[in-house]
Structure formats: structure tokens, C-alpha cells
Undergrad: 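Quick one: structure below, then a few questions.
So you know, we letter chains A, B, ... as the sequences are listed, proteins then strands, and number each from 1. Side chains are part of it too, since the values below use all heavy atoms of this structure and drop only hydrogens, waters and symmetry mates.
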Amino acid sequence: MKYKNEIKIQFPSHSENEAFSRTAVAAFAAQLDPTVEELTEIKTAISEAVSNAIIHAYDEAQNGIVTVEVKSTEDRKIVMIVSDEGIGIGDIEKAKEPLYTSKAGEERSGMGFTVMESFTDRLEITSKPGEGTKVTMIKQLDLLV
Amino acid sequence: MKYKNEIKIQFPSHSENEAFSRTAVAAFAAQLDPTVEELTEIKTAISEAVSNAIIHAYDEAQNGIVTVEVKSTEDRKIVMIVSDEGIGIGDIEKAKEPLYTSKAGEERSGMGFTVMESFTDRLEITSKPGEGTKVTMIKQLDLLV
Amino acid sequence: MKITSEITKNSLIVRLEGELDHHSAAEVREKIDQTIGTSERKNLIFSFQGVSFMDSAGIGVVMGRYNKMKEMGGIVIVSECNDYAKRILEMSGIFTIAPYCDTVEQAMKICSETWSHEE
Amino acid sequence: MKITSEITKNSLIVRLEGELDHHSAAEVREKIDQTIGTSERKNLIFSFQGVSFMDSAGIGVVMGRYNKMKEMGGIVIVSECNDYAKRILEMSGIFTIAPYCDTVEQAMKICSETWSHEE
Ligand SMILES: Nc1ncnc2c1ncn2[C@@H]1O[C@H](COP(=O)(O)OP(=O)(O)O)[C@@H](O)[C@H]1O
Ligand SMILES: Nc1ncnc2c1ncn2[C@@H]1O[C@H](COP(=O)(O)OP(=O)(O)O)[C@@H](O)[C@H]1O
């Protein structure tokens, strides 16, 4: 894919950076003049993926690095890649199941991946236990007609 | 210096990323609960430094990479580092003079560094012609009393 | 996140304001649980009217309070969500156990009926 | 950036709305210069009331228009800046050649006086 513009953001796995990351991504996505609904969906999807890196990949330790890359295409696609170098996911199919969570005690609902899937057009997860996880989401914005 | 939190942002030298970069930095700075005035000063200083990288370092070609790093300290300092791998600055003292610009024909005012100096507490420029420029700004936010 | 609570005859009303994510959920949880303890009310009504952003952390907040109130023999009602918050809560099926009302007033009515019925 | 212009007897009034930086300055410049050409007015009044963000690119926009109007024997007046925009414009000394007025009305008065004087 050829990209029109792209940004890369990196930050340590502090939970206060969840808000930072979704605002930064929204500021980038604003270049494509999305609808309010599309912008909310993008912010929510990013928030889920970044929270997962902080909570699951690094187990709430604050010394992991989270990387968020966002790219835009001429035909109004937004590609979002959230990656970490944390514990990784053993069974990706299970992780994607609605309501499945490995941290029920901490009031996680197991709906993160379901929300990401519902708010974007495509979700791809690659992961290696012990090495990290990369979540790629693609969202097609409305074509301006 | 020990940092409380820090972020790194990278993007190509498209002028539309000026707005993105200052909004992203403002979203990070918001974690320290700055005054509206402080936030405006931070956004303006970042906008000047990022614009300079786009206009001068890469001469408006859109294929350069601009890097913005922002760090916060426990005692409410914000450290902002904007760097490029562009043409560099030969005479830094001259570049800092109010009203000096190498691009008068394009309606640059030569006030960029003066604004950065006035809106932050410390400005440091290091540069090597042909290799790039690094602009470091430190701003002490009001201590909450 | 701003959390305001109001105690009525039959219920505790908790109004949330701001962005509800994993980061803010920790504080929200703690403050609500404190208020549940001191209020001595069995029923909890959430108003999400002031919630400007919410992700799936919001589901966890409702689910956790549901478990707490259930232990005490009470119920949880969710109200005044914007479309996005409602869509996310709906996905999880949480409204089958913590029902949704458009307004706090409707929720209060349900709480008082439940209460009278129990007496 | 939104640019609205109004033509009065003696002057062209240009109102800017949005964020004025190096990126948006290119468009602002082009649109104003077009309007200067068609309006056939010698005096230009800027209103910065709607400018929510401005960096030193704003100085260049005023400076460039000043040079253009001066060639035609006219003047530029800047008005209705917020504190930050004013502070930045002030730093450059631009108000010594393109004076500042609090309101567009005051600026119009100056333009009409200048005009009468010239006649
Ligand atoms: N970045 C990650 N690193 C490691 N494990 C992850 C990551 N993201 C998700 N997981 C695993 O997938 C499960 C499901 O994730 P999700 O659907 O977001 O629900 P929740 O975050 O509420 O647990 C998590 O409980 C966790 O075990
Ligand atoms: N990142 C940079 N790379 C190369 N040259 C730069 C850079 N930043 C500033 N300069 C030089 O310093 C001069 C003064 O910069 P500044 O005070 O910001 O004014 P202006 O941007 O209006 O020219 C510029 O005209 C340019 O020659």
C-alpha cells in the first residue's frame, strides 16, 4: 500500500498514556476530515489496543514501550498498528473470543478485541509468546461524495 | 534528569503535520495540568520548531523525517526536543537573531527562534551543516501551590 | 474523571463525567465502592450522561458494581448513555443483568418498585 | 482556515478563523491576494478574532500584505487579536508599520480619515 502520510508514536506503558495516544491519533486522523462517529471509533479502537499492551503485555509494569503507527492512504483508509514487546499471546483465537479475559479479577471484560473488530474493518493480530504482539487495524473512512 | 513520563513522535515533513504535532504534544503536556497560557506557549514553541524543520531543514521537500521528543519531570519541567536530519545551520548565533531569515521571499519573518525563546525558559540549538539540527526547549510549569 | 453521587431513599445514584478508560476506571471503582459502603443503599443507578469517551473498561466498571450489589441483594441500573457508550455496553450483554433506562428518573422508579415489592 | 472578506467604501476587511501556521498561511496568502486584486481597495483591515492558534507564520502574512498595499499607496491595519497573537505580532515590531486597533470599527475610521486626507 502507498501511504499519503504516516506517524509513529512511542511511549512507556503508563496507563495515563492511553488518553494521550488516542488524542494524538485523533489529531492525525483529523487530516482526513472524518465524521464524528468515525473519529470516536478510531479513538476507541486505539484505546483498546494500547490498554491491552499496558495491562496484558507488560502486566501493568510501567517500563515497557508501546509503539503506535498510523498511516493514511489516498483512498481514505486508516491503518493503525499497535505493537509491544511484552509477554505475547499463546492462543490468538481464544483471545479474540467475546468475554474471554485472562484478567477477570481486575474487572477486565474480555471485550477489547470484540470492540476493535466492531469499530474497524479489519483486525489482524500477530504474536509470539515472550516476544510481543502486533495488532493491525484497518478502517475505511466514508468516501466524500 | 529523571523523567516522569516521555513520548516520541515521528512523521514525514509534510506541513499538515505541524498541526498534528502541536496537538499531540499538548495532549501529553495536559498530564501536568498546565494553565491555558502555558499550553498555548508549548503549542506555539513546538509549532515553530517543527515548521523550521519542514521549511528550512528539508526545504519543503516532503520526504524528511521530523522527530519530536517530549519529557516531563516530577518538578513540572517539560523538555521538548525537535530534531531533523536536514541541511543544518551554519551560523547558529545569526539564525537566532530576531528578524533574521534565509527565506525572506517566502514571507518568513525570522521570528521563529525569538518566539521559542520567549515562550520557554531555555532554548538550546545544536546543528551540523549537512547532518541536521536539534532544538531543545525546556519549560518550567507553574508549581501548584 | 469527575464522580458525583446522590443518595435517595432507595438508591445510590452515581454520575460520571469525563473519559472512562482503563486508567480512570481504577479511581472510579475505588470511589464508587467507598460510597456504596457508606451509603447503605442496595441499588445503584449509573448516569453516563457526562461520559465523553468510553472503551471496554466501562463494561468492567458496571460488571464489578453489579457483582457487589448482587451480593447485597440489590440491583444496578445503567442510564443516560450516549450512542457509543451504549453500543459498547450492549456488545457485552451486560444489560441483561444490569438493565438500561433512558433516564435516572425511570431507573429510580424501578428501584422503588423493587424495594416495595421486597418489603 | 476560514477566510471571510468584506468590501467597504474605503477598505477591504479580512476576517480569519482557525489555526494560522506555516501550513495554512499558504492558502490564506493566496486567497487574500486574489481578493485584494478584485476588490480594488487600497486599505486592508485584518480581524484576527477567530484565530484560535497563531505562530510566527502570522507575522509573515501581515508583513507580506503590508508590502503589497504599500505598493498601491494603501495601508494595513491589524485588529481584534487575542493576547497570544498580539504578543507574537508585537515581538516583530510589525505594529510600527501596520498599526493595531482593538476593533474593526476603529480601523475603518482610520482608513476613511486617511482616504479623505488623500483626496
Ligand atoms: N498486547 C497483548 N499482550 C498479551 N496478551 C494480550 C494482549 N492483548 C490481549 N491479550 C490477551 O487477550 C485477552 C483478551 O483481550 P481483550 O479482548 O482485549 O479483553 P480484556 O483486555 O478485557 O482482557 C486478554 O485477556 C489477554 O489475555
Ligand atoms: N531546522 C533547521 N534547519 C536548518 N536551518 C534552520 C532550521 N531552523 C532554523 N533555521 C535557520 O535559521 C533561520 C532563522 O529561523 P527562525 O528564527 O525560525 O526564522 P524563520 O523560520 O522565519 O526564517 C532560518 O531562516 C533558517 O535559515
Undergrad: How close do Phe28(A) and Phe20(B) get, counting heavy atoms only, and between which atoms?
TA: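 The answer is N-CD1, 3.6 Å.
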
Undergrad: Return the option, out of Ala19(B), Ala26(B), Pro12(B), Ala30(B), with the maximum number of heavy-atom pairs under 4.5 Å with chain A.
TA: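 Option with the greatest count: Pro12(B).
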
Undergrad: Donor-acceptor pairs between chain B and chain A under 3.5 Å, which ones?
TA:
residue, atom, partner, partner atom, Å
Asn5(B), OD1, Asn17(A), ND2, 3.1
Asn5(B), ND2, Asn17(A), OD1, 2.8
Lys8(B), N, Gln10(A), O, 2.8
Lys8(B), O, Gln10(A), N, 2.8
Gln10(B), N, Lys8(A), O, 2.8
Gln10(B), O, Lys8(A), N, 2.8
Glu16(B), O, Gln31(A), NE2, 3.2
Asn17(B), OD1, Asn5(A), ND2, 2.8
Asn17(B), OD1, Gln31(A), NE2, 2.9
Asn17(B), ND2, Asn5(A), OD1, 3.1
Gln31(B), NE2, Glu16(A), O, 3.2
Gln31(B), NE2, Asn17(A), OD1, 2.8

